[in-house]
Amino acid sequence: MRDKPGPAADAESIQEDLWTAVRGIPVGKVATYGDVADFTSTVKLTARQVGRLMSLCPEGVPWHRVVGAGGMLPIGKLSPAAEAEQRARLTADGVRFLGSGRIDMTSHRCGPGDLPGPLEE
DNA sequence: ATAGTGACAAATG
DNA sequence: TCATTTGCCACTA
């Protein structure tokens, strides 16, 4: 190995795996940060880690399919415009919203194993 | 090194 | 259903 002993499994690898997991979310479905963190995993990530890395997510990644627990959109805290965009994209994907501005997780929640990502065994 | 903050989550009242 | 508190991990002052 050549290279310094950086942080366990370079952050690049983590991101790559993360994007793959997010991209594996089927259209019309959504996953929570905790779920995505569970899918990804070459290294066990926590919901916060996922959220933090999400800000770096490159183009082509349906980040809008990643929501908070219960279908809340915590993005509004960071960028109100992004929240509107996410909402519009999800609607275009066929996701329904509840009157409280939250997503109808009862029908769109993606659980571990329901994702065609690298988690398969 | 300590404290504060943040695209979160689960438990509690 | 909502508000509060605690745990989590990384970054910034």
Side-chain angles (χ1 to χ4, degrees):
Chain A
M1 328 143 54
R2 65 198 202 43
D3 295 328
K4 57 183 171 220
D10 303 275
E12 300 254 337
S13 299
I14 298 173
Q15 285 176 36
E16 198 176 324
D17 200 13
L18 179 58
W19 312 142
T20 300
V22 176
R23 263 195 228 193
I25 301 175
V27 177
K29 282 215 153 179
V30 295
T32 68
Y33 288 94
D35 284 348
V36 171
D38 192 44
F39 302 154
T40 297
S41 265
T42 324
V43 231
K44 231 352 187 14
L45 289 174
T46 58
R48 246 188 192 149
Q49 259 42 341
V50 173
R52 215 171 60 75
L53 293 172
M54 271 312 198
S55 312
L56 312 172
C57 107
E59 300 283 321
V61 178
W63 58 271
H64 54 268
R65 283 184 198 142
V66 183
V67 302
M72 67 180 191
L73 306 183
I75 175 107
K77 294 188 85 135
L78 182 73
S79 184
E83 184 255 313
E85 171 125 358
Q86 177 173 25
R87 197 163 164 161
R89 283 179 179 250
L90 288 171
T91 302
D93 280 349
V95 176
R96 303 174 196 220
F97 280 78
L98 298 179
S100 300
R102 282 170 295 194
I103 298 172
D104 181 6
M105 302 296 281
T106 63
S107 241
H108 305 297
R109 202 186 187 194
C110 209
D114 198 3
L115 193 68
L119 186 75
E120 58 186 289
E121 11 175 355

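Lettering follows sequence order; numbering is per chain, from 1. The model shown is predicted, which means the values in this text are computed figures rather than measured ones.
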When the distance from [atom1] of [X] to [atom2] of [N] is rounded to whole Å, what number comes out?
X: A:Asp35; N: B:dA9; atom1: CG; atom2: P; value: 8 Å
X: A:Leu78; N: B:dT5; atom1: CG; atom2: P; value: 16 Å
X: A:Asp38; N: C:dC8; atom1: CG; atom2: P; value: 17 Å
X: A:Gln49; N: C:dC11; atom1: CD; atom2: P; value: 8 Å
X: A:Leu45; N: B:dA9; atom1: CG; atom2: C1'; value: 15 Å
X: A:Leu56; N: B:dG6; atom1: CG; atom2: P; value: 17 Å
X: A:Leu53; N: B:dC8; atom1: CG; atom2: P; value: 13 Å
X: A:Tyr33; N: C:dC8; atom1: OH; atom2: C1'; value: 16 Å

Given [options], which nucleotide is nearest the side-chain atoms of [X]?
X: A:Ala69; options: C:dA10, B:dA7, B:dA10; answer: B:dA10
X: A:Met54; options: C:dC8, B:dA7, B:dA9; answer: B:dA7
X: A:Met72; options: C:dA10, B:dA9, C:dC8; answer: B:dA9
X: A:Thr46; options: C:dA10, C:dC9, B:dA7; answer: C:dC9
X: A:Trp63; options: C:dC9, B:dA7, B:dA9; answer: B:dA7

Output yes when A:Asp38 and A:Lys44 qualify as a salt bridge under the 4.0 Å nitrogen-oxygen rule, no when they do not.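 Looking at A:Asp38 and A:Lys44, the cut-off is met.
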
Answer yes when A:Arg109 and A:Asp35 have at least one side-chain N-carboxylate O distance shorter than 4.0 Å, and no when they do not.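 Answer for the salt bridge query: yes.
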
Please work out if A:Ser55 contacts a base, only the sugar-phosphate, or nothing of the nucleic acid, heavy-atom cut-off 4.0 Å. base

Give A:Ser79 one of three labels, base, sugar-phosphate or nothing, depending on what nucleic acid heavy atoms sit under 4.0 Å from its own.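 Touches nothing.
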
Reading DNA chain B from 5' onward, which residue's closest nucleotide shows up sooner: A:Arg52 or A:Gly34?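 By nearest-heavy-atom nucleotide position, the 5'-most residue is A:Arg52.
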
A:Arg102 side-chain N/O to C:dC2 phosphate OP1/OP2 under 4.0 Å: yes

Do A:Val30 and A:Met105 come close enough that some side-chain heavy atom pair is under 4.5 Å? yes

Is a side-chain donor-acceptor pair under 3.5 Å present for A:Arg48 with A:Thr46? no

Is the NZ or CZ atom of A:Arg87 both under 6.0 Å from the centre of the six-membered ring of A:Phe97 and within 45° of that ring's axis?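 Because its charged atom sits under 6.0 Å from the ring centre and within 45° of the axis, A:Arg87 does stack over A:Phe97.
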
Return yes if the base of B:dG6 and the side-chain atoms of A:Arg48 contain a donor-acceptor N/O pair under 3.5 Å, otherwise no. yes

